[in-house]
**Q** 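Questions regarding the structure given below will be posed in turn.
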Amino acid sequence: MQCADVTHASTLAPPAVTPPGTAERTTRRHPLVTALGLFAAARLTGTAVLAATAWATGHRPLTLLGRSWDSRWYLGIAEHGYGHARHLGPDLVFSDLAFFPLYPALIRTVTALTPLGGGAAGLLVSWTAAGVAAAGIYALAARLHGRAVATALVLLWGLLPHSVVLSMAYTEPLLTAFAAWSLYAVLTGRWLWAGTLAALAGLARPNGLAVAAAVLATAAYEIVRRRGKVTHRLWTGAALAPLGWLAYVLWVGHREGDPLGGYFEVQRLWGSRFDFGAGSLHFVRHVLLQGDRPLYPMAMLIVAAAVLLYALLLADRAPLPLLAYSGVLLLITLGGSGFFESKPRFLLPAFPLLLPLARALVRTARARPWHAALVAGALAGLSFGYGAYLVVVADTPL
């Protein structure tokens, strides 16, 4: 790892804020251990609630966690490679080319090196990635706002209504792991690491492009601010950042006979395209006028809350990498049509949006500890109950 550019880092993120008494507590137990312990406890409890609900309704918990919806597509790619499609009509073709390759490649690696089957390997990759992501979120937030806020942020991320996905064989934990550590690398001036991790994020999910956007936006700012007098590491990191996403999109395009448009045609045939929010607005109107199952109003509330939290993040003058990353994730989520019920899942990697809530929770905990405990308990109840409903009862793609 190259040395951090101290001047650059200071322009992007303030030094960590250490609350009084932290030094004494650190000698007993590192705060990162506490944060990861709380995150693990939240997710294990949520998984236990889901398992109990599954058994009570005659389902198998591990099957639900490891082989639900998109997980089956990833497992198919891991086992057989690309080339499977389901033709449901002339304008509705579900092709596995819509799914990015890094996660199935990791599943295949785990199954080759261990006796685990595909579903168990997928869960191992996802659970490991969730832990790495939680550590990255903690490191980033501790640098910006201190250890207490960092711990609160990790806990809040583990208690989101859709955080059940972090316990499933899905790709959101993997993307968040690369995103958190890439953003941390940007904030500390480690441009080669930032670009490399952004490239890997681009191989994990379509919206992994948001990580590259954050690296490129910050690099451009630094180049302008310094009038081009930047290190070769910055140029190299910026060049690396979008390569993973571009490589896969161009490969699919080449395979489909349209290098620039082939991947987007695959997505269109899935019913997913970028229409600047027209499809989302149409669906919201449908839900408001005609009603629907509980998960759709909940999805609307979560998306609306994300927009509000982004406004608060702007008002707090968060560092540019966090604003760029969260903003692009929001733009992709709001501007894309189709699968409205999946939009809260698409926003799971947007952990910087929770920073204003984490800071407010820490202030509340210091002034009124019981109030903070009640808030955390209410969030936990919602997360565990709603997560079990989504996976076991709703029978709707996440």
Side-chain angles (χ1 to χ4, degrees), residues 64 68-74 86 88-89 91-100 157 159-173 175-176 204-210 263-311 325-351 353-354 382-383 385-398:
L64 291 173
S68 291
W69 304 107
D70 286 4
S71 300
R72 294 196 291 266
W73 286 94
Y74 285 114
R86 294 175 58 193
L88 304 180
D91 291 320
L92 194 62
V93 180
F94 293 171
S95 167
D96 58 11
L97 291 172
F99 297 91
F100 277 50
W157 187 61
L159 292 178
L160 287 172
H162 274 65
S163 61
V164 65
V165 174
L166 302 177
S167 300
M168 301 176 68
Y170 268 68
T171 52
E172 276 69 24
L175 170 58
T176 309
R205 282 194 53 76
N207 55 356
L209 180 64
Y263 170 77
F264 302 101
E265 177 63 13
V266 168
Q267 288 284 8
R268 187 190 69 80
L269 291 174
W270 267 85
S272 178
R273 64 186 185 278
F274 190 84
D275 61 1
F276 299 94
S280 296
L281 290 174
H282 177 77
F283 190 85
V284 168
R285 180 184 177 188
H286 162 77
V287 172
L288 291 176
L289 293 179
Q290 301 181 28
D292 217 312
R293 291 185 294 172
L295 73 155
Y296 294 114
M298 176 64 82
M300 288 172 48
L301 289 174
I302 292 171
V303 172
V307 174
L308 175 60
L309 289 173
Y310 188 69
Y325 170 67
S326 302
V328 172
L329 281 177
L330 262 179
L331 178 64
I332 293 172
T333 301
L334 294 174
S337 66
F339 302 103
F340 192 90
E341 65 275 15
S342 298
K343 291 187 184 298
R345 173 169 65 86
F346 299 158
L347 289 171
L348 263 180
F351 64 88
L353 296 178
L354 299 173
L382 173 63
S383 175
Y386 189 63
Y389 166 77
L390 281 177
V391 178
V392 181
V393 180
D395 193 31
T396 299
L398 290 176

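Keep in mind that the numbers below use all heavy atoms, side chains included, and drop hydrogens, waters and symmetry copies. Fair warning: this is a prediction, and the values are worked out from it, not measured in the lab.
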**Q** Is there a side-chain contact between Trp157 and Leu166 (heavy atoms, below 4.5 Å)?
**A**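 They are in side-chain contact.
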
**Q** For Tyr74, enumerate each residue passing the ring-ring contact (aromatic ring centres under 6.0 Å, His included) test, keeping only those at least two apart in sequence or located in another chain.
**A**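 Only Phe99, Tyr103 meet the ring-ring contact (aromatic ring centres under 6.0 Å, His included) criterion with Tyr74.
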
**Q** Is a side-chain N or O of Lys343 found less than 3.5 angstrom from the main chain of Met300, in a donor-acceptor match?
**A**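 It does not hold such a pair.
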
**Q** Taking the side chain from Ser71 and the backbone from Met168, do they hold a donor-acceptor pair closer than 3.5 Å?
**A**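 Between the backbone of Met168 and the side chain of Ser71 there is no qualifying donor-acceptor contact (under 3.5 Å).
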
**Q** Minimum heavy-atom separation for Pro206 and Ala98, please, with both atom names.
**A**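 Where Pro206 meets Ala98 most closely, the heavy atoms are CG-O, 4.4 Å.
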
**Q** Got Val392 and Leu64 here, is their nearest side-chain heavy-atom distance under 4.5 Å?
**A**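 Val392 reaches Leu64 side chain to side chain.
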
**Q** What distance do Tyr325 atom OH and Leu209 atom CG have between them, rounded to the nearest 0.5 Å?
**A**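 Answer for the OH-CG pair, Tyr325 versus Leu209, is 11.5 Å.
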
**Q** May I have all residue pairs that pass salt bridge (Lys or Arg N to Asp or Glu O under 4.0 Å) and include part of residues 264-284, sequence neighbours excluded?
**A**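 Matches after skipping sequence neighbours: Glu265-Arg268.
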
**Q** Rounded to the nearest 0.5 Å, what's the gap from OG on Ser342 to OH on Tyr170? Could you check?
**A**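 So the gap between those two atoms works out to 7.0 Å.
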
**Q** My understanding is that only residues two or more places apart in sequence, or in another chain, count here; which of them pass ring-ring contact (aromatic ring centres under 6.0 Å, His included) with Tyr310?
**A**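 Counting only residues at least two positions away or on another chain, Tyr310 forms no ring-ring contact (aromatic ring centres under 6.0 Å, His included).
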
**Q** Distance from Phe276 atom CZ to Leu331 atom CG, nearest 0.5 Å?
**A**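 Going from CZ on Phe276 over to CG on Leu331, the span is 8.0 Å.
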
**Q** Sequence neighbours left out, what passes salt bridge (Lys or Arg N to Asp or Glu O under 4.0 Å) with Arg205? Give chain and number order.
**A**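 Glu172.
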
**Q** Check whether any side-chain heavy atom of Leu348 sits under 4.5 Å from a side-chain heavy atom of Thr176, and report yes or no.
**A**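 Of all side-chain heavy-atom pairs linking Thr176 with Leu348, none is under 4.5 Å.
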
**Q** Judged by atom type as modelled, is there a donor-acceptor pair below 3.5 Å linking the side chain of Ser326 to the main-chain atoms of Ala350?
**A**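 Looks like no, no N/O pair under 3.5 Å.
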
**Q** Can you tell me if Tyr386 uses its side chain to pair, donor with acceptor, with the backbone of Met298 under 3.5 Å?
**A**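 No: the side chain of Tyr386 does not pair with the backbone of Met298.
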
**Q** Search all heavy atoms of Ser280 against all heavy atoms of Gly336 and return the closest pair with its distance.
**A**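 It is OG-O, 3.3 Å.
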
**Q** Checking the side chain of Trp270 only, and the main-chain atoms of Ser95 only, is there a donor and an acceptor separated by less than 3.5 Å?
**A**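 Confirmed, Trp270 side chain pairs with Ser95 backbone.
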
**Q** Of all residues at least two apart in sequence or in a different chain, which pass the salt bridge (Lys or Arg N to Asp or Glu O under 4.0 Å) check with Asp70?
**A**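 For Asp70, the residues satisfying salt bridge (Lys or Arg N to Asp or Glu O under 4.0 Å) (neighbours in sequence not counted) are Arg345.
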
**Q** If you define the side chain from C-beta out and look only at heavy atoms, does anything of Val307 sit under 4.5 Å from Leu334?
**A**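 Contact flag for Val307/Leu334 side chains = yes.
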
**Q** What pairs of residues pass the side chain to side chain donor-acceptor pair (under 3.5 Å) test when at least one of them lies in residues 160-169, not counting sequence neighbours?
**A**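 As it turns out, the side chain to side chain donor-acceptor pair (under 3.5 Å) pairs with a partner in residues 160-169, which skip direct neighbours, are Arg43-Ser163, Arg43-Ser167, Thr47-Ser167, Ser163-Ser383.
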
**Q** Mind checking the CG-CZ spacing from Leu398 to Phe346? Nearest 0.5 Å is all I need.
**A**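 Taking CG in Leu398 and CZ in Phe346, the distance rounds to 10.0 Å.
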
**Q** For the atom pair CG (Asn207) and CG (Leu329), what is the distance rounded to the nearest 0.5 Å?
**A**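 Output value for this atom pair is 5.5 Å.
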
**Q** Could you measure the distance from the CG atom of Leu159 to the CG atom of Leu382? Nearest 0.5 Å is fine.
**A**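 Atom-to-atom, Leu159:CG and Leu382:CG are 9.5 Å apart.
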
